[in-house]
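Each chain gets a letter, A, B and so on, in the order the sequences are listed, and its residues count up from 1.
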Amino acid sequence: MERSEQELVRRENLQKIRDLGIEPYPAATFPVTHLAADIKANVQEDAEGKVTNFQEVTLAGRIMSRRVMGKASFANLQDSSGRIQLYVSRDDIAPGEDKSLYNDLFKKYLDLGDFIGVSGFVFKTRTGEISVHVKEFTFLSKSLRPLPVVKTDDEGNVYDAFSDPELRYRMRYVDLTVNPQYKEIFRKRSRLITAMRSFLDDLGLMEVETPILQPIHGGAAARPFKTHHNTLDVPMYLRIANELYLKRLIVAGFDGVYEFAKMFRNEGMDRTHNPEFTAVEFYVAYKDYDWMMTTCENLLEHAVGAVNDGNTKVRVGENEIDFKGPYRRLTMADAIMEYTGENIRGADEAALRDICKRLHIEVDDTMGRGKLIDEIFGEKVEGHLIQPTFIIDYPIEMSPLTKKHRSEEGLVERFELMVNGKEVANAYSELNDPIDQRERFEDQLKLAERGDDEAMAMDEDFLRSLEYGMPPTAGIGIGIDRLVMMITGQTSIQEVLFFPQMKPERDGQAEADDDNDDD
RNA sequence: GAUUCCUUAGCUCAGUUGGCUAGAGCAUCUCACUUUUAAUGAGAGGGUCCUGGGUUCGAGCCCCAGAGGAAUCACCA
């Protein structure tokens, strides 16, 4: 493999460090005592501006810039919290006759991106920069590739930004090193999940894990990834949902379960879809979808607040969205009435086709009543729902796992939470009548025969579990990635995933394309 | 899947109607310098112009095909 001049120089420097008798990849624990950001935030000074605390600190991180001026140097050290300036003078780190630690190691063999550890005291330079006056300096790890050097001036102008999305996503380690501002997105993601988990724990639910490799892909309408188990010699699918397994656990006698689950869908990729994504689903016995709406409001208000220092408002593009409950509740029919003026209550399939025609919505023959309503909603309503809004009471045809509405014929007890024009959560009073459930699966099979490739497959074991009896149950799924996008103001799902799916890098392809046909 | 645009040094980018040896800043290398700050001064090196064809006396530039990427649309309960 061809190496650039800079990579060759770094390999030479690596050898020269060894020649000095210094191990460039030492094994021992390095006793870090402080983080850059903590020092900068908590520094104290006396009346003359002299720093009075942090007189013995030890930090470690990458060297991100170095300005040598003869026998003294300035450098920036970046640790997990941020950057701090180092002041390194020759006679401090190399007090004896041998000045090689400074003249050779620090000035010549140290490259940008190398990890070092330093000990010293905190002071302020003439220009007022909080800095560490280094007394001891330890080499911790060599970087053999040059990092992009991104600089920002006092006015916030960024120079030589490492901004190519492809390179950023392919080499996230480089991205987050030189663009540490993006770390905040992932910290928020982590805090959001932590807050949700503690909310669900406090609710008395139990965190569980269910199979990712499934013999039947159920619980959602989507194309799966197919694989094969060699010993069993059977096809397996990566789960498109975990819903049917969580309900089996309600049958089993757990009153409340939740799972943060990776889902896999073999569909298109764009800025709101990644082939694998994360959802949290939870199911609670003896509750209904009304209870779940209130719980969902409380959960999101709590979680968004926890991420945003108590503030439930987030800005997404033009819009400010407030996750403080209660949220507006609007039936599907009323929502369509409000945004199109069309009345879908009691409309049969032919009437719905007429409505679609009037609204200039393209439909095809495979679409049943439920799908037609979904098209109208998706085309004409969804995008208008900016503030958190519960859309409730869906047509039965598009909800094969949902209990029939307690009072409205042809509807089911289902809601979706719409935020910023996108679906964020989907929930229902779970269908627990096994005979009804079997009929719904059979209806799905008919849709499949009609050509609907998203129709659900029959799951006999799931039906068997329902036949043993499942208590009335409310369940919900909440898409974590899209929620993180909203609370971090990102418009692309790739920005909230550490390692979004990418096409293979050049050279690494040539795999045969085998079809992932199901059934 | 469709349309449009993009791919030039480690990074960010110029590159004229098609014309000498393809440029700049940062990074790298050499020398000088003990409180500097995106960028100290002086000097030097560094290129598969995405790939493969074609047109031409001559291609980074024009044409064809391909790869990768971005945006918009379609699809995605």
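- Ring centroid separation for the pair A:Y428 and A:Y289 does not come in under the 6.0 Å cut-off.
- Between the A:N274 side chain and the A:Q501 main chain, a donor and an acceptor come within less than 3.5 Å of each other.
- Rounded to a whole Å, the CZ atom of A:R145 is 16 Å from the C1' atom of B:A27.
- Residues that satisfy the side chain to side chain contact (heavy atoms under 4.5 Å, CB included) test with A:E423, not counting sequence neighbours, are A:E416, A:M418, A:N426.
- For the C1' atoms, the distance linking B:G18 with B:C63 amounts to 13 Å, nearest Å.
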### Per-nucleotide protein contact string for nucleotides 35-44 of chain B (B base, S sugar-phosphate only, - none; heavy atom under 4.0 Å)
BBBBS-----
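- Separation of the P atoms belonging to B:A24 and B:A65 is 36 Å when rounded to the nearest angstrom.
- B:C6 and B:A42 have their P atoms separated by 37 Å, with the value rounded to a whole Å.
- Distance CD (A:E12) to C1' (B:U30): 14 Å, rounded to an integer number of Å.
- Using a 4.5 Å heavy-atom cutoff, the side chains of A:L20 and A:S100 are in contact.
- For the pair A:R414 and A:Y394, the distance from NZ or CZ to the six-membered ring centre is under 6.0 Å and the angle to the ring normal is within 45 degrees.
- Checking A:N76 against A:S65 by side-chain atom types alone, a donor-acceptor pair falls below 3.5 Å.
- Partners of A:N103 by side-chain hydrogen bond (donor to acceptor under 3.5 Å, both in side chains), not counting sequence neighbours: none found.
- Place A:S492 and A:A161 on RNA chain B by their nearest nucleotides, and A:A161 ends up nearer the 5' end.
- Checking A:E136 against A:S119 by side-chain atom types alone, no donor-acceptor pair falls below 3.5 Å.
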Close N/O contacts between protein and nucleotides 72-75 of chain B (under 3.5 Å):
{"residue": "B:U72", "atom": "OP2", "partner": "A:R271", "partner atom": "NH1", "Å": "3.3"}
{"residue": "B:C75", "atom": "N4", "partner": "A:D270", "partner atom": "OD2", "Å": "3.3"}

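- One N or O donor and one acceptor, one from the side chain of A:D160 and one from the base of B:G25, sit under 3.5 Å apart.
- Atoms CG (A:N266) and P (B:A77) sit 13 Å apart, rounded to a whole Å.
- A:F377 comes within 4.0 angstrom of no nucleic acid atom, judged by non-hydrogen atoms across all strands.
- Checked by distance alone, A:N426 brings a side-chain donor or acceptor within 3.5 Å of a matching partner on the base of B:A77.
- Considering only side-chain atoms of A:S89, the nucleotide from B:C29, B:U28, B:U34 that sits closest is B:U34.
- What separates CG of A:L411 from P of B:A77 is a distance of 21 Å, to the nearest Å.
- Here the side chain of A:K71 is nearest to one of B:A70, B:C11, B:U34, namely B:U34.
- Cation-pi geometry between A:R482 and A:F277 is not satisfied (NZ or CZ under 6.0 Å from the ring centre, within 45° of the ring normal).
- Residue A:G219 is classed as a base contact, given a heavy-atom separation below 4.0 Å to a base.
- Separation of the C1' atoms belonging to B:G47 and B:U4 is 30 Å when rounded to the nearest angstrom.
- Rounded to an integer number of Å, the gap from A:L167 CG to B:U7 P is 14 Å.
- In this structure, A:E7 places its CD atom 13 Å from C1' of B:A27, rounding to the nearest Å.
- A 4.5 Å side-chain heavy-atom check between A:T272 and A:M485 finds at least one atom pair inside the cut-off.
- Residue pairs meeting the salt bridge (Lys or Arg N to Asp or Glu O under 4.0 Å) criterion with at least one partner in residues 84-93 of chain A, sequence neighbours excluded, are A:D91-A:K99, A:D92-A:K135.
- In this structure, A:L8 atom CG and B:A9 atom P are separated by 18 Å, rounded to whole Å.
- Within 4.0 Å of A:R10, counting heavy atoms only, lies no atom of the nucleic acid at all.
- Salt bridge status for A:R369 with A:E397: present, with a side-chain N to carboxylate O gap under 4.0 Å.
- B:C57 sits 44 Å from B:G1 when the C1' atoms are compared, rounded to a whole Å.
- The 5' end of RNA chain B is approached more closely, in terms of each residue's nearest nucleotide, by A:V149 than by the other of A:A221 and A:V149.
- Judged by the 6.0 Å and 45° rule, A:R248 forms a cation-pi pair with A:Y245.
- Nucleotides B:A70 and B:U36 have their P atoms positioned 44 Å apart, rounded to a whole Å.
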### Query
Given the rule that a pair is Watson-Crick or G-U wobble with both distances under 3.5 Å, how would you write RNA chain B in dot-bracket, using | for pairs to a different strand?
(((((((..((((.....[...)))).(((((.......))))).....(((((..]....))))))))))))....
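- The six-membered or imidazole ring of A:Y169 lies away from that of A:F499, with a centre-to-centre distance of 6.0 Å or more.
- Regarding A:K135, its NZ atom lies at a distance of 18 Å from the P atom of B:U34, rounded to whole Å.
- Annotation: B:C29 and B:U17 have their C1' atoms spaced 40 Å apart (nearest Å).
- Each of B:C11, B:C29, B:G69 was ranked by its minimum atom distance to the side chain of A:D111; first place goes to B:C29.
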